[in-house]
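Since the structure comes first, as structure tokens, the remarks are kept for the end.
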Amino acid sequence: MKSGVDIKPATSEDEVTRIGDGDVVLSARNLSYWYGDVIGINDISLDIGEGVVGLLGPNGAGKSTLLKCMTGQLRPATGSVTIGGMAVFNNPAVYARIGFVPEQDAFYEEMSGRQFVTELTRLHGYTADDAAELAEEAIEEVNLADDAHRPIAEYSKGMRQRIKVAQALAHNPSALFFDEPLSGTDPVGRRRTIDLIRTLGDQGRTVLVSSHVLHEVEAMTSNVILINRGQVVADGNLFRIREMIDEHPHRIYVDCDRPRHFAALLAEYDDVTTLEFVDRGFFVSTRDPETCYSRIPRIALDEQITLRAMTSEDNDLSAVFRYLVP
Amino acid sequence: MAIRDQSYQRYDGPVRTGRSWPVIGWSEFRAYWRFWRTKLTIFAVWLLPLMYALLVLVEAALMEPGQLGADGPGHSHLNLFVSTQLFALALVYIARGCGIVSDDLRHGTLQLYFSKPIDRIDYMAGKFYTLVLLGVVSVFAPAVLLAGLRTAFFVQSDMLAEIVVLHLQTLVLLAIAIALLAAVVLGLSSLTRRTGWAVLGWIAILIVPLIVHAVGAVAADISPWDRLLSLHGLVGLAGDALMGGADAMPEWMPRIVPFAAIGALIGAGFAALNWRLSHLEKIT
């Protein structure tokens, strides 16, 4: 353990990731799944407690496969998943206590939002009246009551996302799984979904949210599992991971009209480690990104250099993985 | 750390009781019913039975007392009726029905279904139930109406018992036909994500055997084995076996053959869907 972050070797035999608060709700042991010859997830063992946990990883890392194994959509090739001590796959008793928000828009477009949630809630064994009541409460919770009568075909992307959340919430599950819940949503819808997920976590539910965008997960929780190439590469506190990004030299691209002159000025500072020239500008690597970010526009202003762009390729998830995975 | 050593939360949520397939079937049927295309198609296939009903009324009005039933109980008319109802049902499934599973495959709705406390068998039975409901509304209900009308007109005749039995047999035959067509459509729809392909497959299954049958009829005498190759012929053979039309059944063909073939096709339809559900990783 290194200051809140547990960085794992490429193979983590007999090692169990433990994350979330309180008692263990969801448990996976030696979970693997293959798509033919391609491995989707590779020998993952983890225990997840209450609260929101972010499942972070680049596209193709195995996040969706892991979620599908955890929600019983796929039968793991090896290992097992349990929720509340019960095996998940093909176990309706477990499905009754989980809610799943898939990434795809999986709808009957001609149904109204209210009918959609009600019909899916009825599959939990509720009567039509009880299901309608629960659906109404869930729709209220996702702030969609005014539009619940409209056909789903007329919904915006954000509204579709929220109605999916409503169907996952209606039966009051203790564990919720969100697969890329913010993809395609507008800023307002994004804010609402984030607030909702945080509220669900505060209520003591286990909420697992997959995403490939670091700042999205950062807005919901500080507990994260980082997954890459089907393996858990790190778990722990997101703020510590942020610090790790800053500990490594940042690579900043500077697009300006006099790149060699600008680079020469920057080379005088101790935190600058390398300079690399490209077509229209140059890359500068620094050990002190915060200072360097403020320094670059100041020098440009003082020296009357036209600064066209200044971007960092390190402040994202792929940078984290570059550090964590050799 | 072993899983059994850990402290788990107790499950306090609702406990599911009963099967979910009626909910799946009924909600899907209601979703279909919301389309004007469904309503128009069903209205269109009701036109012919309504004409039959009108003819029954005209027959009863014009017939002299004592003439009722002079032409027999109407076995051949009912055969024709069943035959037209079969094509009507095929039309309904072209308009609505071929997407019963393929739409779920395409839209990823299976993920939602199987995150709920349902078994695979619930899903299969629910989808089959939807198609059966479509069949009941489209072709079975008019047959019941017609049976009621004819029985009412023959209530004071000597042929009442014969008429009632004949119509009950017709209804049983239609129920078998609905189950057969529904299972075949279910199987076809589960083989593809594209509803268009399922529709084309369905049309091919209906038309190709008829063409083969027609070619066979021109080339040689029509053999009962040819009838086994088409859904329409199968139901016809089952009708002959069921309604005692032994003349139409060759002596060397056991009466169980058409029913066995129908059972096998229904099983094949479910097997195709089961195969698809066993390979969900290909679609989710």
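We name chains A, B, ... by the order of the sequence lines, and we start the count at 1 in each one.
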Side-chain (A:Ser210) to main-chain (A:Glu180) donor-acceptor, under 3.5 angstrom: yes

Plane angle bin for A:Tyr33 and A:Tyr35 - parallel if under 30°, tilted between 30 and 60°, otherwise perpendicular: perpendicular

B:Arg106 portion near chain A, given a 4.5 angstrom heavy-atom threshold: neither

Donor-acceptor under 3.5 Å (A:Lys68 side chain, A:Leu74 main chain): no

Interface residues of residues 31-42 of chain B facing chain A - non-hydrogen atoms under 4.5 Å apart: B:Ala31, B:Arg34, B:Phe35

Any side-chain donor near an acceptor of the partner, B:His167 and B:Thr151, under 3.5 Å: no

Donor-acceptor contact present, side-chain B:Ser189 to main-chain B:Cys98, <3.5 Å: yes

Plane angle bin for A:His171 and A:His124 - parallel if under 30°, tilted between 30 and 60°, otherwise perpendicular: parallel

Chain A contact via B:Asp104 - which portion, at a heavy-atom distance below 4.5 Å: side chain

Under 3.5 Å donor-acceptor, A:Thr78 side chain and A:Asn30 backbone: yes

Residue among A:Met111, A:Glu110, A:Arg122 with most heavy-atom pairs under 4.5 Å to chain B: A:Glu110

Verdict with reasoning, B:Phe87 to B:Leu206, per side chain to side chain contact (heavy atoms under 4.5 Å, CB included): CA-CA 9 Å; B:Phe87 281 109; B:Leu206 293 170; 5.7 Å; no

Chain B contact via A:Gln115 - which portion, at a heavy-atom distance below 4.5 Å: side chain

